[in-house]
There are 2 protein chains.
Amino acid sequence: MKNNVTIKDVAKLAGVSISTVSRVINDSKPVTDEVKQRVLDVIKETGYVPNPLARSLVTKKSKLLGVIVPEVSDSFVNEIVNGIECVTKMYGYDILLANTYSEKSQELKSIDLLKAKQVEGIVMISWTLDEDHIQSINNSGIPATYISKTAQTFDVYTVSTNNEDATYDMTKYLIDKGHKEIALIMTSEADTILETERRRGYERALTDNNIAINPDIIRYGNTDHDNGYKVMAELLDEGKKPDAVFVTGDEAAIGAINAIFDKGYNVPNDISVAGFNNTKLSKMYRPKLTTVGQPLYDMGAVAMRMVIKMINDEPLEEKKFVLPYEIIERESVIEKK
Amino acid sequence: MKNNVTIKDVAKLAGVSISTVSRVINDSKPVTDEVKQRVLDVIKETGYVPNPLARSLVTKKSKLLGVIVPEVSDSFVNEIVNGIECVTKMYGYDILLANTYSEKSQELKSIDLLKAKQVEGIVMISWTLDEDHIQSINNSGIPATYISKTAQTFDVYTVSTNNEDATYDMTKYLIDKGHKEIALIMTSEADTILETERRRGYERALTDNNIAINPDIIRYGNTDHDNGYKVMAELLDEGKKPDAVFVTGDEAAIGAINAIFDKGYNVPNDISVAGFNNTKLSKMYRPKLTTVGQPLYDMGAVAMRMVIKMINDEPLEEKKFVLPYEIIERESVIEKK
DNA sequence: ATGAAAGCGCTAACAG
DNA sequence: CTGTTAGCGCTTTCAT
């Protein structure tokens with residue numbers, strides 16, 4: 001039952017040469033209808049499937065696309081992966097997936113792995129991309145797109161949303177709702193581009209509205225729930241009770257809300273909380289999370305589309321693809337009385 | 001800069017034959033230390049990496065493992081995928097990922113794709129597996145493990161938890177908490193093995209405790225939040241207000257809780273709610289969800305480990321691997337007064 | 001211990 | 001339009 005029918009077998013059975021068979025399966029050169037039909041029949045009968053390995057070996061096209069992510073179980077990541085998966089399949093490619101757990105060594109290793117497997121293109125999601133990663137991929141000459149704010153400063157293809165503007169707008173939204181003391185909990189480490197952009201947006205919004213910046217209520221953590229909880233709890237424990245808290249990640253925002261609850265306050269009545277990303281969670285939690293929406297699925301789809309265009313030498317309008325964001329008003333932010 | 005160094009180049013530069021180079025990179029036959037060192041040096045200098053395509057073509061080993069899932073963005077799925085990824089990498093394999101969106105045609109297509117790509121093994125997660133899928137995989141002779149309750153009745157390798165016992169235990173737990181009218185919201189379609197097992201566990205627990213089964217409060221839906229919401233809302237709208245609701249999926253359970261809230265009741269004070277799966281969500285939501293925990297990560301890891309064992313012809317103790325579950329007590333279920 | 005040579009299954013000139 | 005032939009980069013007998 002095993003699939004060991006080769007092009008040779010088909011050729012023999014159809015009474016033609018292997019090149020003819022090759023021609024019909026690839027539609028690469030004209031073949032008489034009659035012969036073509038005969039070959040097709042044999043293929044159907046035998047259940048012949050071309051060996052992509054052999055094919056790739058000669059064409060140097062693996063029909064494989066590499067996807068490098070920090071962790072599939074992250075809600076931000078897997079919605080992007082869905083988008084990637086969709087266009088990948090649409091163009092007849094397969095996905096080679098690598099988790100890195102945000103460890104640089106794993107990221108580098110994954111790149112090597114994908115190179116070795118001859119992927120034709122790469123989409124890489126990383127929070128902490130640096131020159132080494134980019135150089136490693138560049139050296140290989142494999143087309144790549146990055147979904148990574150830290151990639152913004154490099155001369156590489158990226159897809160992202162404008163984090164500075166998004167942060168500005170959400171901060172402004174909070175201000176418009178009457179909040180003055182607005183804490184910022186960052187889910188990205190200090191000194192990254194992402195952090196800088198977001199901080200800039202936040203500070204600009206404050207300044208534009210004549211609110212003094214209070215460095216004491218700007219905190220750092222990472223993206224997960226427990227971290228948001230911890231940072232928020234600390235803030236409260238230190239006796240700081242802001243009007244509103246802007247957490248740059250939904251999971252962490254929910255963690256923050258939980259901390260607020262556990263400290264005996266109410267969201268949004270005592271403190272308003274805004275998130276970032278509009279992941280599925282933000283709709284499921286109660287109060288429903290007011291958040292800035294990034295088109296995650298689209299980001300993945302666009303990133304992969306770019307890679308495929310590069311592979312096919314189709315022109316690309318721009319290197320930095322910036323997708324729109326939106327402020328999604330739900331229940332966790334209310335007008336301050 | 002491109003990586004077009006071949007075994008030939010290495011051989012030439014090291015002044016040996018390509019077979020010798022092959023021997024050192026594969027450690028397959030003894031090679032004089034001196035020669036070996038020379039070859040190794042050249043490899044390091046040139047940055048030579050063996051072309052796995054060519055290698056696979058002759059060895060018939062692709063070092064690729066296929067993973068078929070309904071959708072990576074499902075929280076149940078991606079925690080399993082994490083486990084799969086981990087052991088896959090540990091054994092030097094790469095993952096070929098395919099989303100099916102639970103559509104049978106996509107599932108079948110994915111199987112064909114993976115076959116064509118010469119994967120050495122497959123782990124398939126599916127809610128609605130049937131003979132066609134299994135036959136398609138069986139025909140290929142590719143080792144496979146299924147994480148799919150519907151695969152239980154087939155003579156194939158599976159990993160799962162005992163759903164009947166788990167459902168029994170949770171129902172019993174609810175009963176022990178003083179609840180008598182216990183609604184069951186199934187996230188699996190009627191007439192599937194999974195549904196049957198769970199229903200059996202539920203009914204057995206009721207019967208064992210002299211509680212009459214009320215078919216009217218047994219409902220069906222699917223796994224997502226909105227569905228749980230809808231089904232619960234319907235129940236309430238029909239004037240049915242059970243003591244407790246057991247929803248066989250966390251996301252849907254949270255949907256149910258939200259519906260209960262929106263109808264003006266409180267969880268757990270008015271109605272207790274229990275979920276299934278112990279996904280990340282269940283800890284993040286408030287009230288924290290009481291749920292039955294399945295070792296998702298482990299299920300993925302075990303499934304892939306089984307596949308790898310099969311590939312290496314290592315003996316496997318059993319075909320049906322059943323992992324433990326546990327009742328995780330949190331806040332959404334309380335003693336009925 | 002090492003090299004020569006065959007061949008994995010396929011595509012792509014090159015002839016005819 | 002079709003067949004012959006030469007590889008793609010590698011592993012693996014089979015000699016030496």
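Being a predicted model, the structure only gives us computed values, none of them experimental. Below, chains carry the letters A, B, ... as their sequence lines are ordered, and counting in each starts from 1.
Applying the side-chain contact (heavy atoms from CB on, under 4.5 Å) rule to B/Lys319 yields the partners B/Asp155, B/Tyr157; only residues at least two apart in sequence or on another chain are considered. Scored by the side-chain contact (heavy atoms from CB on, under 4.5 Å) test, B/Asn51 finds A/Leu57, A/Gln118, B/Leu53, B/Ala54 as partners (sequence neighbours excluded). Taking the side-chain hydrogen bond (donor to acceptor under 3.5 Å, both in side chains) definition, one finds that B/Glu79 meets it with nothing, sequence neighbours left out. By the side-chain contact (heavy atoms from CB on, under 4.5 Å) test, A/Glu317 is found to be paired with A/Lys309, A/Phe321, residues two or more places apart in sequence or in another chain being considered. Every side-chain contact (heavy atoms from CB on, under 4.5 Å) that B/Ile308 has, sequence neighbours left out, goes to B/Leu65, B/Val87, B/Tyr91, B/Tyr93, B/Met304, B/Arg305, B/Asn312. Partners of B/Asp41 under the side-chain hydrogen bond (donor to acceptor under 3.5 Å, both in side chains) rule, at least two apart in sequence or in another chain, do not exist in this structure. For the side-chain hydrogen bond (donor to acceptor under 3.5 Å, both in side chains) test, residues two or more places apart in sequence or in another chain that qualify with A/Ser17 are A/Ser19, A/Thr20. Scored by the side-chain hydrogen bond (donor to acceptor under 3.5 Å, both in side chains) test, A/Ser148 finds A/Thr150 as partners (sequence neighbours excluded).
Ion pair B/Asp94/B/Lys89 not flagged as a salt bridge, since none of the NZ, NE, NH1 or NH2 atoms sits closer than 4.0 Å to an Asp/Glu carboxylate oxygen.
Contacts classified as ring-ring contact (aromatic ring centres under 6.0 Å, His included) and involving residues 51-84 of chain B (residues at least two apart or in different chains) are given here: B/Phe76-B/Trp127.
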Tabulated below should be each protein N or O lying under 3.5 Å from an N or O of nucleotides 7-10 of chain D; please produce it.
{"residue": "D/dC8", "atom": "O3'", "partner": "A/Lys60", "partner atom": "NZ", "Å": "3.1"}
{"residue": "D/dG9", "atom": "OP1", "partner": "A/Lys60", "partner atom": "NZ", "Å": "3.3"}
{"residue": "D/dG9", "atom": "N2", "partner": "B/Ala54", "partner atom": "O", "Å": "3.4"}
{"residue": "D/dC10", "atom": "OP1", "partner": "B/Tyr48", "partner atom": "OH", "Å": "2.5"}
{"residue": "D/dC10", "atom": "OP1", "partner": "B/Asn51", "partner atom": "N", "Å": "2.8"}
{"residue": "D/dC10", "atom": "OP2", "partner": "B/Ile7", "partner atom": "N", "Å": "2.4"}

When you compare the protein's N or O atoms with those of nucleotides 14-16 of chain C, which come within less than 3.5 Å of each other, and at what distance?
none

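Residue side chain A/Thr32 does not reach the base of D/dT2 through any donor-acceptor N/O pair under 3.5 Å, judged by distance alone. With hydrogens and angles ignored, a donor-acceptor pair closer than 3.5 Å exists between the side chain of B/Ser19 and the base of C/dA4.
Regarding A/Glu34, its CD atom lies at a distance of 13 Å from the P atom of D/dC1, rounded to whole Å. Between A/Asp33 atom CG and D/dC1 atom P there is a gap of 9 Å when expressed in whole angstrom units.
With the end axes of the helix from C/dA1-D/dT16 to C/dG16-D/dC1 each set by five pairs, the angle from one to the other reads 40° at 10° resolution.
Dashed line: the shortest gap from a side-chain N or O of A/Ser17 to OP1 or OP2 of D/dT4 is not under 4.0 Å. The side chain of A/Thr59 places no N or O atom within less than 4.0 Å of a non-bridging phosphate oxygen (OP1 or OP2) of C/dC10.
Residues A/Glu71 and A/Ser73 bring a donor and an acceptor atom of their side chains to less than 3.5 Å of each other.
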